[in-house]
Amino acid sequence: MNSNEIRSRFLKFFEDRGHTVIKSSSLIPAQDPTLLFVNAGMVQFKDIFLGREQRSYTKAASSQKCVRAGGKHNDLDNVGHTRRHQTFFEMLGNFSFGDYFKKDAIDYAWILLTKEFKLPIDKLWVTVFREDDEAAQIWVTGPGVSRDRIVRLDEKDNFWQMGETGPCGPCSEIHYDLGAEASELGHPTCTFPCECGRYVEIWNLVFMQFNRDDKGHLSPLPKPSIDTGMGLERMSSVLQGKISNYETDLLRPIIDRACEIFGVEYGAAGASDVSLRIIADHVRAATFLISDGVIPSNEGRGYVLRKIMRRGIRQGTLLGYKNPFMYQLSGYVAEMMKSAYPELINTREYVARVIKTEEDRFAAMVAVGLQKLEDVIAHLTKEGKDTIPGPEIFKLYDTYGFPIDFTTEIADEKAMKLDMPGFNAELEKQRERARQSWKGDEGGTSPVYQKFADKGTPFLGYQAVRSTGRVIAIIKDDQLINSIEGLGQTAEVLLNETPFYAASGGQIGDTGTWTSSNGVTKVVDTYSPVRGVVVHKVQVEFGKLSVDDEVTAQVDEERRRRIAANHTGTHILHAVLREALGPHVKQAGSLVAPDRLRFDYTHFAPLSEREIQEIEEQINNIVFKNIPVQTQVMELNQAVSAGALAFFGEKYQQQVRVVSIPEISMELCGGTHTKMTGDVGLFKIVSESSIASGVRRIEALTGFGTYQRLEEDEDLLRELSHSLRAPRNELVRAIARMMDQQRQLENELEALKRKSAKSQVGNLVESPEVVKGIAVIARKVEGVDPSMLRELAENAASKIGSGVVVLGLASDGKASLVAFVSQDLQKRLHAGKIVKKVSEMVGGSGGGRPDFAQAGGKDAEKLEDALKAVYNIVADFIS
Ligand SMILES: [Zn+2]
Ligand SMILES: [Zn+2]
């Protein structure tokens, strides 16, 4: 059975049993700061399990893209060396949110495996948690599994928990016996459980039964739930009769493709097989991650992606292949997987370009790293040291991307040791930094806000910019207080409901004023430290603000209007960019402020001036058409199938708000918008730049911002027109004329200088000093460019015929020197040596040929003394 069929039959099986089939979520977890990548099917349902969210269905099934890279259970280093470690995999799962429980979950699993997939019963083993008599009993009375095939395991293997606290419960696993030939330890007759590779876990059923409180106490959940996970690669290996995941139709074709590129054979040698498996896995991971919007970088998710890609690229080098190859394989992966993940086709070219760029960059870095390493070794050898310090190794590895095994190899060749503990210490620091960088704001959120998370703060600001509200909490230094009083006092305040928009989705928070019978308070910022909770940062203007005060909350309306113009403008920009550049354009970040907007998006090439003009014109056409901007609340699935753009990494509730401009744009968005596109006003792109490999940034202005910009430009023109004494339509010509004049003046000046230099020659050669019968001229000249000094000295030298000429020039505080020695004297005197001595006296160095030499120095004030010394220097050389 091929893997596409396994995937679709799994989903169909559960669909037939009343489950809603849900699409895989992005690999980037939706606002879950505790998680780097989605690593299990349940991740997108976490809030339902936690009771924070309701959906229209209570049973679901999915095939989820997952990435695990690092962590103790799936160390990257194991990939390729074992049968089952992968960074990318697909997890099939069925879920019950307080609907069915153990009995149905067990029945479904057994029927699917034995009836649908027709696995022989005598190959299956079942585990249950040590204390879970209930599950053990169901396995016997339900599917009729014999008791000796049911094994009880302890917490380590058969108890699951979501976190330190929260839902948890026993698991039950189903294992498949691959037969004695699968035993890596050569066990002929071992029985389950044995870790020799013969038994493979194919399905884990989690019974979410308890809630663990912060004291560790377990209490039964009111609505027990089910979460299951079946690795598609494992199931494929079982159903395709393969011992290793890498032999299945999910991975083996990639290996074969790589073999074609490299001209090697799989199975020919252990080491190259490992390389091929690493490549097959890593190219899958890179393809899916980049397609989902991750970009290789030096921190957080991008860092992990870069690490995965470089490990893959490195394997090609080990196989003796010098050219980029991963980008080709990524296209193949997209082709292979397109029926299950059609989005891969849209992003195929983009992904290939990102990978190709990384491959080129890596090759360049390795070349640089090699040079650096050799420098380091040379330096250490000179100092008599034989160990490369940890920080140096780390720098090569981290800054230059130089693979650690390269370093080891070269160090070996040169009989150098490596300070690996030092290196590991640096690595740990880096990992810590990486962890920090993807831990979102929520990581640092004070628990004081958490209290208000259940209720949340109703937002009235879509309809109104003014309303009354009641103060429900005042927070100062993470403590709840009763009131604040006095000018300038600040605190964070929660209202029972608010018209103030809390910063999110790129749109910055509202500001405004609150008035009550006790005083006036300014709101300086609004944000949401915990989802759904709106926190106002306030400052007392006068009087007092207390809990339970009724306030009239007034949003700064003009500011809000400008923000709305920039937000609607951002949506139009996004739509026009996708239209103009292609559907690979994805929002990678945005800022919507009152005075400007910023939009980051995935695209490779810079925009040409012409493209920018065209994009701007398109946008303004849409603005001027004055199309209504519509908002609508609908089901997430419905919105996505209607084509609404969702921003990856964003967490969406089942009910979503969709902002659309008919036939132009449709986005999931919680922001505040204009009523008509015309309200956006004139749209102006002010900059376009690159912020990371494959990510571009546009900064733009709308309405009032554009007007202000025009005013500034206008002032500039006015000023120019005034200084140049030309009307504005004459400015370009006036400047061209000025530049012409300047060029002419420069030419004239140059000619004059040349003339003056020539006229100096006569003076210079007038009375040479005679040193031991040799005519010596050592003079300081003025009023010439350093570039003319040589010409001048040449002229002087030819005038005196036989002799020595040394000329010096001081300009910009620096000294320039030239020296000539005539042909007849070159056996006795050397221009280079003379100039060297003279230049040392002006704090410089130089030299040259016997007949001509030049030098410079930084002490122009010593030039005259140095020139006076020339006579003695010549005398010294002669004797
Ligand atoms: Zn065994
Ligand atoms: Zn938006």
Side-chain angles (χ1 to χ4, degrees), residues 30-31 82-84 123 125 127 149 151 153 175-201 243 459 461-462 501-510 528 560-578 585-594 596-601 619 622-623 627-634 636 639-640 642-653 656-662 664-675 677 679-680 683 698 700 702:
Q31 285 182 5
T82 69
R83 295 168 179 171
R84 318 236 174 263
K123 293 274 189 189
W125 289 84
T127 72
R149 306 287 284 191
V151 177
L153 296 177
H175 294 249
Y176 184 80
D177 178 2
L178 291 167
E181 65 276 18
S183 172
E184 284 176 284
L185 301 175
H187 294 170
T189 56
C190 65
T191 177
F192 183 82
C194 180
E195 298 284 317
C196 68
R198 173 171 175 168
Y199 303 96
V200 50
E201 178 198 330
I243 284 174
F459 176 59
Y462 293 133
Y501 182 83
S504 81
Q507 180 176 333
I508 70 173
D510 278 334
S528 178
R560 163 74 81 80
R561 189 161 33 234
R562 291 180 193 182
I563 291 173
N566 280 330
H567 202 149
T568 306
T570 304
H571 282 212
I572 303 174
L573 170 65
H574 189 184
V576 170
L577 282 174
R578 284 173 66 89
V585 167
K586 275 192 187 151
Q587 179 168 350
S590 80
L591 172 75
V592 177
R596 75 209 143 100
L597 68 93
R598 194 174 73 203
F599 186 74
D600 299 340
Y601 60 102
I619 294 170
I622 294 165
V623 169
I627 308 165
V629 180
Q630 299 166 346
T631 59
Q632 206 181 342
V633 173
M634 55 172 98
L636 178 60
V640 170
L645 294 180
F647 179 33
F648 61 79
E650 198 73 40
K651 167 77 192 184
Y652 294 108
Q653 307 282 352
V656 292
R657 185 165 176 269
V658 176
V659 175
S660 47
I661 303 165
I664 308 281
S665 151
M666 190 177 194
E667 287 192 39
L668 303 192
C669 177
T672 57
H673 285 266
T674 63
K675 289 202 164 56
T677 59
D679 302 333
V680 171
F683 189 100
I698 281 180
T702 65

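Atoms within a ligand are numbered from 1 in the order they appear, just like the ligands themselves. Note: hydrogens, waters and symmetry copies are ignored here, and every other heavy atom, side chains too, is used.
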Closest to the Zn ion (ligand 2), which N/O/S atom of H571 is it?
NE2
Per residue H187, nearest N, O or S atom to the Zn ion (ligand 1) is named ND1
Are Y176 and Y199 an aromatic pair, judged by ring center distance below 6.0 Å?
no
Heteroatom N/O/S of H567 within less than 2.8 Å of the Zn ion (ligand 2)
yes
Tell me whether S665 contacts the main-chain N or O of I661 through its side chain, where contact means a donor paired with an acceptor under 3.5 Å.
no
Would you say the side-chain atoms of S183 pair up with the backbone N or O of L185, donor to acceptor, closer than 3.5 Å?
yes
Check for me whether R657 meets the cation-pi criterion with Y462, that is, NZ or CZ under 6.0 Å from the six-membered ring centre and within 45 degrees of the ring axis.
yes
What angle, to the nearest 10°, do the atoms SG (C190) and SG (C194) form about the Zn ion (ligand 1)?
120°
